[in-house]
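Just so we're on the same page: letters track the sequence lines, and every chain starts at 1. Basis for what follows: all heavy atoms, side chains included, without hydrogens, waters or symmetry-related copies.
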2 protein chains.
Amino acid sequence: MSAPRTLDRTLLALADPTRRAILQRLSAGEARVTEVARPFDMSLNAVSKHILVLERARLVKRRRVGRDHFLSYRPEPLDAAAQWIAETRTFWASRLDTLERLLREEDEAERTRTSTDTP
Amino acid sequence: MSAPRTLDRTLLALADPTRRAILQRLSAGEARVTEVARPFDMSLNAVSKHILVLERARLVKRRRVGRDHFLSYRPEPLDAAAQWIAETRTFWASRLDTLERLLREEDEAERTRTSTDTP
DNA sequence: TTGACATTCAACTGATCAGTTGAATATATT
DNA sequence: AATATATTCAACTGATCAGTTGAATGTCAA
């Protein structure tokens, strides 16, 4: 089951290029908030808020050392999202296949019937 | 490359349980707007807007037949998202592994040095 | 033609989001 | 103690979102 809110938060957090860039940076190793913010053309506060969104989704963990906050990437939610998407995709695809197969069979029947009815 | 906006729209569209439920319904086959809306405890208009979000993300296609609009599920964006997540996850994980390996080696060196320095 | 049906359009509300600026807090440095 | 640094908090703006209601549009059916 896994509360859908978690998935919501993960996908929402990932649906933003700035946040994905932050995660990419952190996947290379821990960094402080200021370091993370440096490359971006926006205020430190703005980045701080993005980090909060990532934290809420548990994609980022914070370790306080004095005045420095070290941020690190947590892969678990991404793993979960990947698994959900993979499973769902397969399931939905199989249902589509079923439908398409049925339609194909119907078409087949139709064609046969027509060609027999009007030779 | 694949314009990140596409990914943004896909993930954003998926980050909502109502929209995921709509997709699930459509994965079982085409349906009209009213049919899709029926199970939900919200106005038809609200569902219509969710459908629009899904259309913008190209997860849903619309086929007009008279006054009826038949909606169908399009798997491509989900495939793309799954692929992106899978690749990214692997890449980020490998970078994490590298870092962890480095840290482990550092620790190892530290331990060795210490134990040699103070036997 | 009249009326019912399927759907969207338009306008509105309340919530959330992304960003800004300025101040506050806490820690480090001199 | 004074100052600089790292970070958040608070308050604000503008945009987008999720939902509502009521009207408009287009099509089917009697």
Side-chain angles (χ1 to χ4, degrees), chain A residues 3-26 29-73 77, chain B residues 3-26 29-73 77:
Chain A
R5 293 235 177 111
T6 301
L7 187 59
D8 291 4
R9 278 197 256 264
T10 303
L11 294 175
L12 196 67
L14 289 174
D16 178 285
T18 302
R19 288 194 288 262
R20 289 197 299 270
I22 292 176
L23 287 179
Q24 178 169 7
R25 166 67 184 81
L26 291 180
E30 269 193 344
R32 289 175 306 120
V33 174
T34 313
E35 284 165 17
V36 166
R38 186 153 29 229
F40 295 104
D41 191 22
M42 68 181 74
S43 75
L44 178 64
N45 271 357
V47 174
S48 178
K49 284 185 181 182
H50 279 299
I51 290 168
L52 213 78
V53 172
L54 291 168
E55 257 187 307
R56 232 186 342 166
R58 305 199 193 290
L59 281 160
V60 158
K61 206 191 96 194
R62 186 186 300 255
R63 179 170 65 91
R64 262 156 271 237
V65 176
R67 61 184 172 180
D68 296 327
H69 295 204
F70 289 96
L71 307 171
S72 57
Y73 164 60
Chain B
R5 292 237 178 111
T6 301
L7 187 58
D8 292 4
R9 278 197 255 263
T10 304
L11 294 175
L12 196 67
L14 290 174
D16 179 285
T18 301
R19 288 193 290 261
R20 289 197 298 271
I22 292 175
L23 288 180
Q24 178 168 8
R25 166 66 185 81
L26 292 180
E30 269 193 345
R32 289 176 307 119
V33 173
T34 312
E35 285 166 17
V36 166
R38 185 152 31 230
F40 295 104
D41 190 23
M42 68 181 75
S43 75
L44 178 64
N45 270 358
V47 174
S48 178
K49 285 186 180 181
H50 280 299
I51 291 169
L52 213 78
V53 173
L54 291 168
E55 256 187 308
R56 235 187 339 169
R58 304 200 194 290
L59 281 159
V60 159
K61 206 190 96 194
R62 185 186 303 255
R63 179 170 67 90
R64 263 155 273 234
V65 176
R67 62 185 170 180
D68 295 329
H69 294 203
F70 288 96
L71 308 170
S72 57
Y73 165 60

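Contacts between residues 54-70 of chain B and DNA chain C, defined by a heavy-atom separation below 4.0 Å, involve R62(B), R67(B), D68(B), H69(B), listed by number.
Following rounding to the nearest Å, L44(A) (CG) and dA23(C) (C1') show an atom-to-atom distance of 14 Å. One can place NZ of K49(A) at 11 Å from P of dC9(D), the figure rounded to the nearest angstrom. Distance D41(A) CG to dG19(C) C1': 12 Å, rounded to the nearest Å. Counting to the nearest Å, the C1' atom of dA26(C) and the CZ atom of R32(A) are 15 Å from each other. Distance CE (M42(B)) to P (dT20(D)): 7 Å, rounded to an integer number of Å. Atoms CD1 (I51(A)) and C1' (dC17(C)) sit 16 Å apart, rounded to a whole Å. Here the C1' atom of nucleotide dG19(D) and the CD1 atom of I22(B) are 13 Å apart, to the nearest Å.
Scanning both residues, Y73(A) and L23(A), for their nearest heavy atoms gives CD1-CD2, 3.9 Å.
In this model, the phosphate group of dT7(C) is not approached by any side-chain N or O of S48(B) to a distance below 4.0 Å at OP1 or OP2. Between S43(B) and the phosphate of dT20(D), there is a side-chain N or O to OP1/OP2 separation shorter than 4.0 Å. At the phosphate of dG19(C), OP1 or OP2 sits under 4.0 Å from a side-chain N or O atom of H50(A).
Other residues, nucleotides and ligands contribute at most 12 non-hydrogen atoms within 6.0 Å of the CZ atom of R58(A).
Using a 4.0 Å heavy-atom cutoff across all strands shown, L12(B) reaches sugar-phosphate atoms only and no base atom.
Note that the NE2 atom of H69(A) and the CD atom of E55(A) stand 9.5 Å from one another [nearest 0.5 Å]. Rounded to the nearest 0.5 Å, atoms NZ (K61(B)) and CZ (F70(B)) are 13.0 Å apart. In this structure, CZ in R20(A) is found 11.0 Å from CG in L54(A), a value given to the nearest 0.5 Å.
Side-chain N or O atoms of R19(B) include one that pairs as donor or acceptor with a backbone N or O of L12(B) at under 3.5 Å. Not a single donor-acceptor pair under 3.5 Å links the side chain of S48(A) to the backbone N or O of L44(A).
A donor N or O paired with an acceptor N or O is found under 3.5 Å between the base of dG22(C) and the side-chain atoms of N45(A).
Closest to the side chain of D16(B), out of dT20(D), dA18(D), dG19(C), is dA18(D).
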